[in-house]
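Note sheet for the following structure.
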Amino acid sequence: MRASSEISQPGATDPAHWIALGRLGDRIVAVALDAKADETTRVDLAPPEVAAWVRRRESPSLRWVWSDTPTWYADLLAEGVRVARCHDLRLCHAILRTPGGDGAPGDPSMSRAWDAAAVEVPATAPALFEIEAAATRPSLPEDIEDVLTEFRRQRAAVEAAENPGAIRLLVAAESAGALVAAELRAAGLPWDEAAHDEILTDVLGERDADGVPAKLEDAARRVRIALSDPSASLDSPPKLLRALHRVGVMVDSTSKWELSEHRHPVIEPLLEYKKLSRLQSANGWAWLDEWVHDGRFRPVYMPGGVVTGRWASSGGGALQLPRQLRGAVRADPGWLLVTADVAQLEPRVLAAMSADTALAAAARGRDLYAGIVETGAVPSRADAKIAMLGAMYGATTGDSGRLVPRLRRTFPRAMGLVDAAAATGEGGGVVSTWLGRRSPPPPPEWQAVQARASEPDAAAADETRARRWARDRGRFTRNFIVQGTAAEWALAWMADLRGRLAALPEVGAADAASRSGPVFATRPHLAFFLHDEVIVHVPAAHAERAADAVRDAAATAGRLLFGDFPIDFPLDLRVSRIADKG
DNA sequence: CTCGCACGCGCG
DNA sequence: AAAGCGCGCGTGCGAG
């Protein structure tokens, strides 16, 4: 190993606000920047020295600037190094770039190289800090000068924004989310393989020599009897549809909701077959074998993977785990799980965004839908729920569509906000979340179709098509502002929670070390996230303090986004060893 | 053979 | 009762 040649040694009083990491040939360069992003010192390091150097320079008041969090942080975590804050250039670029921007200095739309998609970091990839890996790095810029240039552009874009305070909060929250995602993968979700196997065997039955579970086989047999077709294909929708038609079940599709409207001996076993076969193919033994190792499920989370700002996931279906399998999520011995989800996050966010004090009052301290019933707007909780969902999704027909006007009378401000977002979208405009994430503009074809429909000689079909597409986009922008702001609240919640958990005491490795890797084996950590829900894995002795941290972080997130506006975010919170039991 | 798409269903 | 938003993934199947 070469000794590091430090171009200038930062002293103990060096007031670095940021340290940017980037490459220079086969070296790693760290550039310390002051509050104005002016360079103060520069250090060049051999890749194997990076983790130890970062550990030494880490401080809660410092923000690490790097191209892409999984690329840089996964290796740090593997080496036992946790950082408090970062600025993820790829994610923040996506927030700050202006489609069709003028390309002026400071406008990040000019830095196209940063539009790269998320970088996949396979579990088996060579470590970043190994020199050989450099050749296989992705297309995202990593050279230190590119990193510094983009960082300065982004800083300028933030300051030039309409509401710099909100955008500053958004890029900080987005970057914190990137740290959380990397840590969630590093720590993993504690998963009891034996419990999972027990659930599968219980639901699907014992597997025969060919690996076919008995109850699945039995359901298939009963379906074929009811169809009077011993060789009927049950997994091909077109073939199954024809077989159903032959026995007089005249459905238009093979979806379960349509099937359940019919009465015929084939319906019950077919619905059973579909349910079992889904569990088998999506989260059966093959999934367990592929995705769970050493007692951990390690999904790949993709922060910012959805246009609204929600996370997506890639591999393992992390965001679609059936509730049926929650019983396999079990804390390590001596540890507990704190499971918390926010009740009715989206309507609460809507109440705050629109400053609708009537809706906020209906929500306060209780079930929001019960509060809506108390206003007299609708007769039952079920009505309140489908009316509210209909308002946020843009329902126009059915029970939901009929109930929305009642909400419009009772909560005119909240409904006015989503209606306005829909109108903007229908007109081809761009809407923004509370903190300023912009919806994508309509594609050029959309514009062309609208233009054609408004020409004097437009055909009726052109007008119909244009109108339908405009309405589709209206429903998208209507939902965008609410879903996106809810995602921002969740990021703020996790970012604050992450800091509170890091401040809790560690346990001694001899007492109750878990299998959560070098950073998290002895301290409470986030283990799962699902839009409005978190699971924290915590040494049993600190479970109550972790639960308080989860609640306090929710309150803090509400104040961070909405200040003094009187909206609360009550949690359903449980402390348990198994994620599905109290 | 691989690839892209539609379907259906899991999650919020 | 099952439409109104956002996703990922396994499966079958036709196109190349």
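Letters go in sequence order (proteins before strands), and every chain restarts at 1. As the structure is a computational prediction, the values presented were derived from the model and not from experiment.
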- Query: Starting at CZ of A:Phe297 and ending at P of B:dC11, how long is that distance when rounded to a whole Å?
  - Reply: 14 Å
- Quick one: label A:Gly390 by what it contacts on the DNA or RNA (base, sugar-phosphate, nothing), any heavy atom closer than 4.0 Å. base
- Item | Whole angstrom value for the distance that separates P of B:dC11 from CG of A:Leu279 | 11 Å
- Task: Determine the contact category for A:Leu321: base if any of its heavy atoms lies under 4.0 Å from a base atom, sugar-phosphate if only primed atoms, P, OP1 or OP2 are that close, otherwise nothing.
- Result: sugar-phosphate
- Query: Rounded to the nearest Å, what distance is computed from the CZ atom of residue A:Arg478 to the P atom of nucleotide C:dG4?
  - Reply: 13 Å
- Query: Contact class for A:Gly316 (heavy atom, under 4.0 Å): base, sugar-phosphate, or nothing?
  - Reply: sugar-phosphate
- Task: Using a heavy-atom cut-off of under 4.0 Å over every strand shown, decide if A:Ser400 touches base, sugar-phosphate, or nothing.
- Result: base
- Closer to the 5' end of DNA chain C via nearest nucleotide, is it A:Trp257 or A:Phe476? A:Trp257
- Looking at every strand, decide which applies to A:Asp399 at a 4.0 Å heavy-atom threshold: base, sugar-phosphate, or nothing. nothing
- Query: Contact class for A:Arg323 vs. all strands (heavy atom < 4.0 Å): base, sugar-phosphate, or nothing?
  - Reply: sugar-phosphate
- Query: Does A:Arg310 get its side chain close enough to the base of B:dG12, under 3.5 Å, for a donor-acceptor pair?
  - Reply: yes
- B:dC1 pairs with, by Watson-Crick or G-U criteria that keep both distances under 3.5 Å: C:dG16
- Name the nucleic acid region contacted by A:Arg475, choosing base, sugar-phosphate or nothing; use a 4.0 angstrom heavy-atom cut-off, strictly under. sugar-phosphate
- Message: Taking any heavy-atom pair under 4.0 Å as a contact, classify A:Thr254: base, sugar-phosphate, or nothing.
- Response: sugar-phosphate
- Task: Give the rounded distance in Å between these two atoms: NZ of A:Lys256 and P of B:dG10.
- Result: 4 Å
- Message: Regarding A:Arg402 and A:Asp399, does a basic nitrogen lie under 4.0 Å from an acidic carboxylate oxygen?
- Response: yes
- Residues A:Arg224, A:Asp229: salt bridge by 4.0 Å N-O rule: no
